[in-house]
Amino acid sequence: MDAGCSIATFLRHRTMEKRHKIRQMEKAIMCRYPPQTVTQTVGENSSHRLVGGRFTSSGRHFVACSSDKPSQQFHIYDCTRRRGGWNEPRILACKTGRETCAFAISPDEYHIAYAGNHEDDCMRIASMGEAYSDVEHHTVSLRTRSDTPVEDGRVNVIEFSSNSSQMLIILPMCFQVYDLACQRASLRINYAASADYGCYADHSSHTILTGGATGRVSVWDTRTVRSERPEPVSTFGRHKGHVQCVTSKGDGCYFLSAGSDDSVKLWDMRRPSGMKQMADYVKSFKDEYRWGGSNWCGFSPLEQTGQRLVYWLSSMSQFLVYDLHTGDCVVSEFCSPGSPVFELSWHPHEMMVAVTSYDSGINVLEHRPERLR
């Protein structure tokens, strides 16, 4: 014990150290029992066709998007009720005349941003407070000038920053950073390579990851990039095909990329490289029994598992989970056979996964006690 440290301070530090070790042991134990069994299916008897769904940051709600014409809708479920399944959803009617191709929920859970497929170069923002048809929808133009149309007119990704002050908007040949306070795009970067997916690299919202048809992932710094001569800070690659998903761990160091070559790769941004020499990936996960590429990938929740697990979902509805420490596949389940799967979302505070499929509703996966190893 340090001579300048009192007994009370020493005991307090020792107690905190024990709690930390206990918490680490709890996370290690939870990693042994990931969600792997469909315990309930929500909306399987509904006529709505779902094209996406995800948990809110608090985990209290699950928001699913339907593609029914002519009325596109968001279905907001209450996830706090465990017995008897989720409650009947509240309905938020979209103001887009076309199928919703991208949407995002703000971390403060006040707003939903969404965009229609090839719809007038615009995006809409609605309030989640009272989810009914009379909610005001604010229209946002994605053009920087009236004479500059958005290429291809399709929004691939919308993501809010951690403080809900701005949004990242990924389009086929450019990306924008939209400032919600100023209600305008604070940054627009055009580039030759196609970008289909992207995300923020950390909570500072200064670093952006994009990936697309080149099979590579580019890292952009919004503080240094120039619109007239856009160049990424570094490039990581490559997949033998399209990059179909990019997900960051949120620490500014690690991120995942999933490709059409049936592989998911873990990258370390602390190993930078130039444009000519591509960086090597840290780990690559591949399963010979999957088909059609990886549609969705991500890290398990920090609170429950310490982000030790990596998960992804193939287009043939196969859900796989790997342990980063051992490299072993701990889950390999077909969660929605025979139905196109669009999105997978892991609950932020519980060992529960929701898989949204087009005509089979929402399949909720958990770990059943009888299957404990």
- Message: Determine whether the aromatic ring centres of residues Y322 and Y311 are separated by less than 6.0 angstrom.
- Response: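 No - the distance between ring centres of Y311 and Y322 does not fall below the 6.0 Å cut-off.
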- Query: Taking the six-membered ring for Trp, are the ring centroids of W267 and Y254 within less than 6.0 Å of each other?
  - Reply: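 When the ring centroids of W267 and Y254 are compared, they turn out to be at least 6.0 Å apart.
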Expected output: side-chain [X] to main-chain [Y] donor-acceptor under 3.5 Å:
X	Y	answer
S161	Q166	yes
S345	R54	no
H111	A126	no
S260	H242	yes
H347	H349	yes
W296	L344	yes
W220	T224	no

Could you tell me if [Y] and [X] have a donor-acceptor pair between their side chains, going purely by distance under 3.5 Å?
X	Y	result
S300	Q307	no
E343	T356	no
R90	Y77	no

- Query: Taking it one step at a time, do T37 and H367 satisfy side chain to side chain donor-acceptor pair (under 3.5 Å)?
  - Reply: CA-CA 6 Å; T37 305; H367 197 103; over 6 Å; no
- Item | Whether F255 and F236 hold their rings parallel, tilted or perpendicular, with breakpoints at 30° and 60° |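 Geometry flag for F236 against F255: perpendicular rings.
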Just so I know, are the side chains of [X] and [Y] near enough to count as touching, which here means a heavy-atom distance under 4.5 Å?
X	Y	answer
L168	I208	yes
L313	L320	no
V310	F299	yes
L209	S218	no
C253	M269	no
L309	L324	no
V155	Y114	no
F319	W312	no

Nearest heavy atoms of [X] and [Y], plus distance in Å:
X	Y	result
A102	N156	CB-O, 3.8 Å
S58	P348	C-CG, 4.1 Å
Y197	V243	CD1-O, 3.3 Å

- List for me each residue that meets side-chain contact (heavy atoms from CB on, under 4.5 Å) alongside H206, sequence neighbours excluded, and say none if there are none.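 H206 satisfies side-chain contact (heavy atoms from CB on, under 4.5 Å) with S204, D221, T222, R223 once adjacent residues are dropped.
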- Message: Check whether F55 forms a cation-pi arrangement with R60 (NZ or CZ under 6.0 Å from the six-membered ring centre, at most 45° off the ring normal).
- Response: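 Checked: cation-pi criterion not met.
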- Message: Under a 4.0 Å threshold between the charged nitrogen and the carboxylate oxygen, would R184 count as salt-bridged to D179?
- Response: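 So D179 does not pair with R184 through a salt bridge.
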